[in-house]
J.: 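Dumping the structure here so I can ask a few things about it.
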Amino acid sequence: MADFRKSVVYQIYPKSFYDTNGDGLGDLKGVTAKLDYIKELGADYIWMTPFFVSPQKDNGYDVEDYYNIDPRYGTMEDFEELAAEASKRGIKLMLDMVFNHTSDRNQWFQKALAGDEKYKNFYIWKKGKGPGVPPTNWESKFGGNAWQYVEKFDEYYLHLFDVSQPDLNWDNEEVREEVRKVVRFWMSKGVKGFRFDVVNLISKGDFEDDFEGDGRRFYTDGPNIHKYLQELNRETFGTDAEFVTVGEMSSTSMENCYRYASEDGKELSMVFSFHHLKVDFMGNEKWVLVPYDFQKLKDILFSWQKGMAEHHAWNAVFWCNHDQPRVVSRFGSEGKYWKESAKMLGTVIHCLRGTPYIYQGEELGMTNPGFTDISQYRDVESKNHFRILQEKGLTEQDAYRILQVHSRDNSRTPMQWDGGANGGFTTGEPWMEVTKNSSYINAQAELADEDSVFHYYRKLVQLRKDYDVVAYGDFEALAERHPQVFAYRRTYGGEELLVVNNFYGRETVWESGLDTAGFEKLLGNYEGGCPADGKFELRPFETMVLYRKK
Ligand code: GLC
Ligand code: CA
């Protein structure tokens, strides 16, 4: 069995990774060109966000044709070359499957609009509650009502995301069969894993108005979700024991994740959950400015670590992806302690129980770009909310302040390869501006510096391979109420790992009460060893990984 517990996944957002033909957009050849870089980092899998034919309203999460490569990214030959070159290096590919919805340009939806009943049933249509009144008051995740009126049918279709992303009707067996066909097609191309986009939204429940929230309780972790995932597993990837799958679980519950990611392997290998990344929201509202809640962050991560282990289920562990701001800007520091904080944050994730994911540029400590004008933004969600925030009465300046913190574009700026023009990402005009600090935060500079964030991440990846306790150990939370310290212990057979982190840019002391005799320091971001007396005097953003074997 593929040991995904010993593995690390590197996520690529192809559009912003590396451009080989000067059109300003990253491409598949660009991924092939940088495989040695990923190999050097030590990642086992590459998860690539969608590069299928798409109008790119949501950067490829609006799929027009599941079987072909968008010409912006290259050709099927480019893909095959990438797969072959990756395989030569022992790197496996994980593709991103978007099956909650399609693009409105997808032929299924086009046929539906043309009145073909078979394909109309591929989507979710309902009558309005009255003239101009949609079937329910549910909100789209990208802003506005989640239903779009189509005059021809005097009906609305559901779109939980953009109006150009109609939701598929999974209760229709023909839809599920089409989905299986797509999955089998990419399996036959030699990919070894899938990430399933917002997959816990595919089974819709009752279509009722939500007077408590935005509607999500009616379609999240819905009535047939486990049945549909088990069916997909049985009929497709479940036949290959080597296959690794991860489900993106939107606003999920831990109880459902015990089943999604159970080690019995009936559904998925692991899950992404996001509760720990809502600690700078107000409830579910992300478009606000509130300081992050450190205690809440710890409580959530600790409870998921414990709960998933107790129920024999497996986590994906991560800070960053293409929907999240850069973690060093979010929980670390862009200033004096930039490097220390980037290393500390990486340590917290990589020593947890779960499979770590590194999002392109995270291993360099890339930051949010700090865009100051709406013309610099590309993301549909950001643009919608920039407008909605001002409609709610916020000033333009306040709307910008919120975007600078929460926009998904914060992580989508081009990868910083070197200190030259456009960070070495393209010789043309980049589709999105490169962050100014590419002069010193870039791969070339960091590869040459043993003390860089890159080499630190490389060592973190290696730890998981060298020490079974990192991959398989039990988890125990420590210092649960300490206002600055994030600490935990892992144990496996006679092996013991202590991971101690100061989450803040000021010194702190932690009287752990632990017997720390005989611990050796495997990794850290400052000089010095393990205190012999259990008293940790931690410097700004200090991290240390301590190891002892009985
Ligand atoms: C997921 C993707 C995000 C996309 C959305 C709709 O959350 O990660 O980028 O916009 O699904 O497909
Ligand atoms: Ca290109």
Side-chain angles (χ1 to χ4, degrees), residues 11-34 47-52 54-64 66 69-75 78 82 94-104 106 140-143 146 158-168 194-202 216 219-220 246-252 271-274 277-278 286 316 318 320-325 357 359 378-385 407-412 414-415 422 425-432:
Q11 184 195 349
I12 290 183
Y13 200 66
K15 194 173 266 189
S16 293
F17 194 59
Y18 185 55
D19 174 25
T20 57
N21 63 351
D23 66 355
L25 298 168
D27 39 54
L28 294 182
K29 277 191 190 312
V31 179
T32 309
K34 297 296 186 183
W47 152 28
M48 278 193 289
T49 63
F51 45 72
F52 314 109
S54 160
Q56 305 285 327
K57 292 265 171 56
D58 187 22
N59 283 331
Y61 283 94
D62 44 334
V63 180
E64 177 175 335
Y66 290 101
I69 311 274
D70 195 296
R72 293 174 184 85
Y73 294 119
T75 62
D78 294 342
L82 166 60
M94 184 185 257
L95 298 199
D96 203 328
M97 297 281 121
V98 189
F99 293 132
N100 176 67
H101 44 266
T102 69
S103 161
D104 58 358
N106 191 290
S140 148
K141 308 230 178 224
F142 292 165
L158 180 68
H159 62 91
L160 295 180
F161 294 88
D162 189 53
V163 57
S164 67
Q165 293 166 295
D167 280 55
L168 281 166
F194 291 121
R195 178 249 189 203
F196 292 103
D197 190 57
V198 289
V199 74
N200 64 328
L201 308 184
I202 56 176
R216 68 184 69 191
Y219 56 75
T220 303
V246 55
E248 186 200 23
M249 301 303 172
S250 164
S251 299
T252 189
V271 284
F272 290 122
S273 65
F274 296 91
L277 297 174
K278 296 186 178 179
K286 124 169 168 179
F318 69 104
C320 299
N321 67 30
H322 63 291
D323 296 327
Q324 300 294 330
Y357 284 66
Y359 175 68
R378 296 287 174 272
D379 173 29
V380 52
E381 184 199 39
S382 305
K383 289 194 213 172
N384 287 351
H385 282 282
S407 169
R408 304 194 299 176
D409 281 339
N410 283 317
S411 58
R412 298 178 179 182
M415 178 75 177
N422 296 321
F425 162 69
T426 180
T427 54
E429 188 64 34
W431 76 286
M432 181 167 11

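Counting starts at 1 for both ligands and their atoms, following the listed order.
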J.: Closest by any non-hydrogen atom to atom 11 (O) of ligand 1: pick that one out of D162, D197, V98.
T.: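 Answer by nearest heavy atom: D197.
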
J.: Consider ring-ring contact (aromatic ring centres under 6.0 Å, His included). Of F196, Y359, F272, F318, which one does W47 pass it with?
T.: F272

J.: Quick check on Q324 - does any of its heavy atoms sit under 4.0 Å from an atom of ligand 1?
T.: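 No, that is not the case, since the closest heavy atom of the residue is not under 4.0 Å from the ligand.
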
J.: Name the residue from L201, N100, T102 that meets the side chain to side chain contact (heavy atoms under 4.5 Å, CB included) definition with D167.
T.: N100

J.: Quick one: do K29 and D78 make a salt bridge, cutoff under 4.0 Å?
T.: yes

J.: Relative to the heavy atoms of F142, which atoms of ligand 1 are at a distance of less than 4.0 Å?
T.: 10 (O)

J.: Taking the non-hydrogen atoms of K57, is any one of them nearer than 4.0 angstrom to ligand 1?
T.: no

J.: At less than 4.0 angstrom from any non-hydrogen atom of R412, what atoms of ligand 1 do you find?
T.: 9 (O)

J.: For atom 7 (O) of ligand 1, what's the nearest protein heavy-atom neighbour? Residue, atom name and distance, please.
T.: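 Going atom by atom, the protein heavy atom closest to atom 7 (O) of ligand 1 ends up being E248 OE2, 2.9 Å.
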
J.: Report the part of F99 (side chain from C-beta onward, or backbone N, CA, C, O) that has a heavy atom under 4.0 Å from ligand 1; answer both or neither where that applies.
T.: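 For F99, there is no contact with ligand 1 at all, from either part.
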
J.: Look up atom CG in D197 and atom NE2 in H101, then write down how far apart they are to the nearest 0.5 Å.
T.: 5.0 Å

J.: In Å, rounded to the nearest 0.5 Å, how long is the span from CG of D27 to CZ of F17?
T.: 11.0 Å

J.: Partners of D70 by salt bridge (Lys or Arg N to Asp or Glu O under 4.0 Å), sequence neighbours excluded?
T.: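 Here the qualifying residues are R72.
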
J.: For ligand 1, which atoms sit closer than 4.0 Å to a heavy atom of V198?
T.: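 Answer for ligand 1: 1 (C), 7 (O), 11 (O).
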
J.: Could you tell me whether ligand 1 has any atom less than 4.0 Å away from a heavy atom of E381?
T.: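 It does not; every heavy atom stays at 4.0 Å or beyond.
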
J.: Roughly how far apart are S250 OG and Y219 OH, rounded to 0.5 Å?
T.: 6.5 Å

J.: Starting from atom 4 (C) of ligand 1, which protein heavy atom do you reach first, and at what distance in Å?
T.: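 Checked against all protein heavy atoms, atom 4 (C) of ligand 1 sits closest to D58 OD2, 3.3 Å.
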
J.: Using a 4.0 Å cutoff against the non-hydrogen atoms of H101, which atoms of ligand 1 qualify?
T.: 6 (C), 12 (O)

J.: Could you tell me whether the side chain of S140 reaches within less than 4.5 Å of the side chain of D162, counting heavy atoms only?
T.: no

J.: Between CG of D23 and CD of E429, what distance do you get to the nearest 0.5 Å?
T.: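 D23 atom CG to E429 atom CD measures 11.5 Å (nearest 0.5 Å).
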
J.: Which residue holds the protein heavy atom closest to atom 8 (O) of ligand 1, what is that atom called, and what is the gap in Å?
T.: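 Nearest neighbour among protein heavy atoms for atom 8 (O) of ligand 1, to 0.1 Å: D323 OD2, 2.4 Å.
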
J.: Would you check, one step at a time, whether the test side-chain contact (heavy atoms from CB on, under 4.5 Å) holds for V31 with Y73?
T.: CA-CA 10 Å; V31 179; Y73 294 119; over 6 Å; no

J.: What residue among R412, K141, K57, R408 forms salt bridge (Lys or Arg N to Asp or Glu O under 4.0 Å) with E381?
T.: R408

J.: Please identify which atoms of ligand 1 are closer than 4.0 Å to at least one heavy atom of R408.
T.: 3 (C), 4 (C), 9 (O), 10 (O)

J.: Going from CG on L95 to CZ on F51, what distance comes out if it is rounded to the nearest 0.5 angstrom?
T.: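 Answer rounded to 0.5 Å: 4.5 Å.
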
J.: Under 3.0 Å from the Ca ion (ligand 2), protein N/O/S atom count?
T.: 5

